[in-house]
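Positions are given from 1 along the sequence.
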Amino acid sequence: QVQLVESGGGLVQAGGSLTLSCAVSIRTLGRELNDYGLGWFRQAPGKEREAVAAINWSGRSIWYTDSVKGRFAISRDNSKNTTALQMNNLKVEDTAIYYCAARQGRDYTAYAYTRRGDFETWGPGTQVTVSS
């Protein structure tokens, strides 16, 4: 099992940038972060939680939802047990609570880490508010 905690949320103006971080604590004996695929999700008021970005165990496969392509960048540092989501050119519609999630697996494609129902472990979330 793992525990995750997001940080870095806040209030920014449209067009600005923000970087979210997620610290992953490995609780299962013998496991390391490279045994897990990671995803960033967001949920706006009244909307379903949606996948924003995902990265596989090695970082060699990355996936983004269409609305953030070219603006967001997901990364991971397995030696530091962290994942980050750099968000550039933020828009008002990016306003949401952002969550990081982890699922044990070494899939070749990051797309395997985009289905919210497949994740058992989530962080508590961090609020991102973009003002016009």
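- Checking side-chain atoms of Arg71 against main-chain N and O of Ser67 turns up a donor-acceptor pair under 3.5 Å.
- In this structure, OH in Tyr98 is found 10.0 Å from CH2 in Trp40, a value given to the nearest 0.5 Å.
- A distance of 5.0 Å separates CD of Gln127 from CD1 of Ile97, quoted to the nearest 0.5 Å.
- Nearest heavy-atom pair, Ser132 versus Ala14, reported as atom, atom and distance to 0.1 Å: CA-CB, 4.5 Å.
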I'd like to know whether Asp66 forms a salt bridge (charged side-chain N to carboxylate O under 4.0 Å, His left out) with Lys69, so could you lay out the CA-CA distance, the side-chain angles of the two residues, the decisive distance to 0.1 Å, and finally the verdict. CA-CA 5 Å; Asp66 286 344; Lys69 287 181 178 178; 3.0 Å; yes

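- Ring centroid separation for the pair Phe41 and Trp122 comes in under the 6.0 Å cut-off.
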Which is it for Tyr108 and Arg60 under the side chain to side chain contact (heavy atoms under 4.5 Å, CB included) test, yes or no, and what are the steps along the way? CA-CA 8 Å; Tyr108 291 110; Arg60 295 187 178 94; over 6 Å; no

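- Thr121 has its side chain within reach of Leu4: a pair of non-hydrogen atoms, C-beta onward, lies under 4.5 Å apart.
- A donor-acceptor pair is defined here as one N or O able to donate and one able to accept, closer than 3.5 Å; no such pair exists between the side chain of Asn56 and the backbone of Gly37.
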Working for side chain to side chain contact (heavy atoms under 4.5 Å, CB included), residues Leu20 and Val128: CA-CA 9 Å; Leu20 305 181; Val128 173; 3.9 Å; yes

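- Atom OG1 in Thr82 sits 4.5 Å away from atom CG in Asp77 (nearest 0.5 Å).
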Between Thr109 and Asp107, is the side chain to side chain donor-acceptor pair (under 3.5 Å) condition met? List the steps. CA-CA 6 Å; Thr109 174; Asp107 297 87; over 6 Å; no

Test salt bridge (charged side-chain N to carboxylate O under 4.0 Å, His left out) applied to Glu50 and Arg42, step by step: CA-CA 6 Å; Glu50 65 171 346; Arg42 67 185 180 188; 2.8 Å; yes

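- Taking CG of Leu38 as the start and CD1 of Ile74 as the end, the distance is 6.5 Å to the nearest 0.5 Å.
- Nearest heavy-atom pair, Asp118 versus Arg103, reported as atom, atom and distance to 0.1 Å: O-CD, 3.0 Å.
- Other residues, nucleotides and ligands contribute at most 12 non-hydrogen atoms within 6.0 Å of the CZ atom of Arg115.
- Scanning all heavy atoms of the two residues, the minimum distance from Val52 to Phe72 falls at CG1-CD2, 3.6 Å.
- By the 4.5 Å heavy-atom criterion applied to side chains, Val12 and Thr129 are not counted as neighbours.
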Could you give me the CA-CA distance, side-chain angles and deciding distance for Ile26 and Val24, then say whether side chain to side chain contact (heavy atoms under 4.5 Å, CB included) is met? CA-CA 6 Å; Ile26 309 298; Val24 186; 4.0 Å; yes

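- When all heavy atoms of Ala53 and Tyr64 are compared, the pair lying nearest together is CB-CD2, 3.6 Å.
- One N or O on the side chain of Arg106 and one on the backbone of Asn34 form a donor-acceptor pair closer than 3.5 Å.
- Legend: side-chain hydrogen bond (donor to acceptor under 3.5 Å, both in side chains) pairs involving residues 4-25, not counting sequence neighbours, sorted by first then second residue: Ser17-Asn88.
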Give the C-alpha distance, both sets of side-chain angles, the deciding distance and a yes or no for side chain to side chain contact (heavy atoms under 4.5 Å, CB included) between Glu48 and Gln43. CA-CA 6 Å; Glu48 297 283 334; Gln43 187 166 20; 5.7 Å; no

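- The backbone N or O of Gly105 lies less than 3.5 Å from a partner atom in the side chain of Tyr113, making a donor-acceptor pair.
- Closest approach of Ala110 to Ser61, counting heavy atoms only: N-OG, 2.8 Å.
- A heavy-atom distance below 4.5 Å is not found between the side chains of Gln3 and Val5.
- The nearest pair of heavy atoms linking Arg116 to Arg49 is NH1-O, 3.0 Å.
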